[in-house]
Amino acid sequence: MAKPSIPQGTRDFSADVVRKRNYIFSTIKTVFELYGFEPLETPAMENLETLMGKYGEEGDKLMYKILNNGISNPKNIEKSKAGFEKVLEGKSSSDLTERALKYDLTIPFARYVAMNHGRLTFPYRRYQVQPVWRGDNPQKGRYREFTQCDADVVGSYSLINEVELASIYHEVFTKLNLTGYEIKVNSRKILTALAEVVGEENKVVAITTAIDKLDKIGIERVKEELKEKGLTGEQLELIEAYLTMNHEATGTLSNAGKLKFLKTFFEKSATGQAGIKELEFLICHIAADVNISIDVTLARGLNYYTGIIFEAKAPAEVKMGSIGGGGRYDDLTGLFDVPGIPGVGISFGVDRIYDVMTELNLFPENVQNGTRVLFFNMGEAESQFAFGIMQQLRSEGISSELYHEFSKINKQFNYAEKKQIAFAVIIGSKEIEQKYCLVKDLKTGLQEVVVFDTLAAFFKNK
RNA sequence: GUAGUCGUAGCUCAGUUGGUUAGAGCAUCAGAUUGUGAUUCUGAGGGUCGAGGGUUCGAGCCCCUUCGAUUACCCCA
């Protein structure tokens with residue numbers, strides 16, 4: 001057996017990491033609950049056909065498909081071989097694989113809503129915190145197993161939902177002290193309108209993925225890319241005009257200013273006007289302290305978003321990029337033959353949030369609350385007695401441990417220090433006789449005498 | 001999937017143009033010290049140099065393959 005290891009892009013989480021992650025989870029969940037969302041969990045795996053084709057070509061490639069059981073069974077072997085041939089041609093075959101690990105939480109949620117739409121009360125607000133898997137090449141802030149925290153509202157066209165979801169971003173990031181966050185917002189309708197105005201309705205995706213890179217590669221290279229995709233000089237000029245407000249005046253144009261610009265630009269486009277109305281509603285209704293800005297280059301989830309799209313960005317100094325995203329999809333369950341249920345949702349990328357918070361040193365100290373009190377082991381009879389006292393403390397909700405064996409005091413202190421235990425309680429024969437114990441504060445080194453009866457109260461007051 | 005950088009003790013890293021038995025700091029363990037530690041002293045353990053193959057009299061060092069980490073592209077949280 002080679003050295004034990006774990007698959008690429010996956011991680012073990014030690015106690016301190018789990019506690020910090022839980023801190024993020026509970027912050028997010030608390031806010032979700034506060035906004036009236038209810039929890040949902042779905043299986044780690046879905047039927048392959050539920051997921052295939054929902055995330056675009058790239059998604060199909062990165063999805064983890066699960067090999068069927070029994071493919072080596074002699075009676076299946078011909079089928080398996082035929083299936084394998086199909087897979088080699090780039091198709092999928094249920095003879096070889098019919099299940100896959102979930103790739104995000106949105107599509108499984110849509111499947112759930114489609115299956116249960118008769119039973120759910122609409123608008124249905126649910127949140128979901130679960131791991132997802134993508135066979136992507138790991139790098140900074142990118143893992144093959146990571147956790148998403150989603151909140152979606154389905155069964156409502158109201159843009160108030162968008163306002164609420166943006167507020168949730170703000171509230172969560174504020175609670176986590178991630179004050180440098182930024183919410184970018186755009187509308188899929190505006191991107192569609194741009195393609196229309198340019199006269200290339202069927203190239204929406206090509207155009208938007210190109211202009212999405214504006215920040216990164218600059219206007220010239222965006223134009224080059226668009227040229228390669230077959231756009232004429234005239235069309236490029238139009239797109240450049242559209243991008244002007246981003247690339248020449250980044251940050252200097254207010255949301256209102258951008259809306260004004262868009263209104264003129266899309267004067268003759270009904271789709272464009274509809275998109276502008278969405279953004280206008282959101283901008284007008286959101287609280288002033290929410291850091292939200294219109295970004296007409298923002299493109300994401302082009303396979304299913306239809307209205308507003310969101311992206312939450314980490315503070316610029318950490319170079320992490322997106323720590324959350326979301327948007328409106330007006331007919332998501334239509335994919336599962338249940339048309340007419342609109343929805344809108346957002347997602348938090350906990351793993352990236354964790355990395356950002358670590359880099360910025362934002363975790364509060366009291367996140368690590370393991371054992372508070374260590375009872376020293378001063379011998380067999382003494383430890384037996386201490387055990388009784390310890391159980392009383394535990395019943396009062398004070399997390400305590402008894403050192404597992406009688407050994408040098410020195411060792412017991414070291415153990416306490418390593419586990420960052422706040423207090424040591426020493427109960428030896430003398431203390432048992434006189435019905436008190438010694439409590440040592442391991443940070444200050446100060447020591448007090450406390451009678452047994454008041455021990456629990458003593459720690460509660462600390 | 002493509003490309004670059006890296007892989008030596010539990011951790012952080014030295015290691016000369018290829019040359020005896022691969023080193024340091026920290027950590028660990030034992031002792032000084034079985035009722036008051038975390039600073040001091042003494043000692044000890046710990047490595048198939050990521051794995052496999054090749055070149056060479058000789059490889060931690062050079063070559064190939066492979067795995068992993070990391071960064072960038074693509075895409076994304």
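Within every chain, numbering begins at 1; the chains are lettered A, B, ... in the order of the sequence lines, protein sequences first and strands thereafter.
To the nearest whole angstrom, the two P atoms, one in B:rA38 and one in B:rU33, are 14 Å apart. Distance noted for atom C1' between B:rG18 and B:rC67: 26 Å (whole Å). Across the C1' atoms, B:rC74 and B:rG1 are found 9 Å apart, a figure rounded to whole Å. Taking atom P in both B:rU55 and B:rC61, one finds a spacing of 15 Å when rounded to whole Å. Between B:rC63 and B:rU71, the two C1' atoms lie 25 Å apart (nearest whole Å).
Between A:Lys102 and A:Thr42, the side chains place a donor N or O and an acceptor N or O closer than 3.5 Å (distance only, hydrogens not considered). There is a side-chain donor-acceptor pair under 3.5 Å between A:Glu200 and A:Gln235. No hydrogens or angles considered: nothing links the side chains of A:Tyr103 and A:Glu46 as a donor-acceptor pair under 3.5 Å.
Ring-base stacking between A:Phe146 and B:rA77 is satisfied, the centre separation being under 5.5 Å and the plane angle under 30°.
Nearer to the 5' terminus of RNA chain B, by closest-nucleotide assignment, is the contact made by A:Gly428 (compared with the other of A:Ser347 and A:Gly428). For A:Arg144 and A:Thr10, each mapped to the nucleotide of RNA chain B holding its nearest heavy atom, the one lying further toward the 5' end belongs to A:Thr10.
For the OP1/OP2 pair of B:rA77 and a distance below 4.0 Å, the side-chain nitrogens and oxygens of A:Arg300 include at least one atom meeting the criterion. In this model, the phosphate group of B:rC74 is not approached by any side-chain N or O of A:Lys61 to a distance below 4.0 Å at OP1 or OP2.
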Salt bridge (Lys or Arg N to Asp or Glu O under 4.0 Å) between A:Lys81 and A:Asp95, worked out: CA-CA 9 Å; A:Lys81 279 183 180 164; A:Asp95 291 330; over 6 Å; no

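Evaluation of atom-type donor-acceptor distances gives no pair under 3.5 Å for the side chain of A:Arg134 against the base of B:rC75. Judged by distance alone, with hydrogens and angles left aside, A:Lys440 brings a side-chain donor or acceptor within reach of the base of B:rU36, the pair sitting under 3.5 Å. With hydrogens and angles ignored, no donor-acceptor pair closer than 3.5 Å exists between the side chain of A:Gln8 and the base of B:rG68.
Using a 4.0 Å heavy-atom cutoff across all strands shown, A:Gly141 reaches at least one base atom of the nucleic acid. Among the protein residues, A:Gln148 comes within range of the sugar-phosphate backbone only, with heavy atoms under 4.0 Å from sugar or phosphate atoms but none that close to a base. When heavy atoms are screened at a 4.0 angstrom cut-off, A:Asp351 is found touching no nucleic acid atom at all.
A 4.5 Å side-chain heavy-atom check between A:Ile427 and A:Phe452 finds at least one atom pair inside the cut-off.
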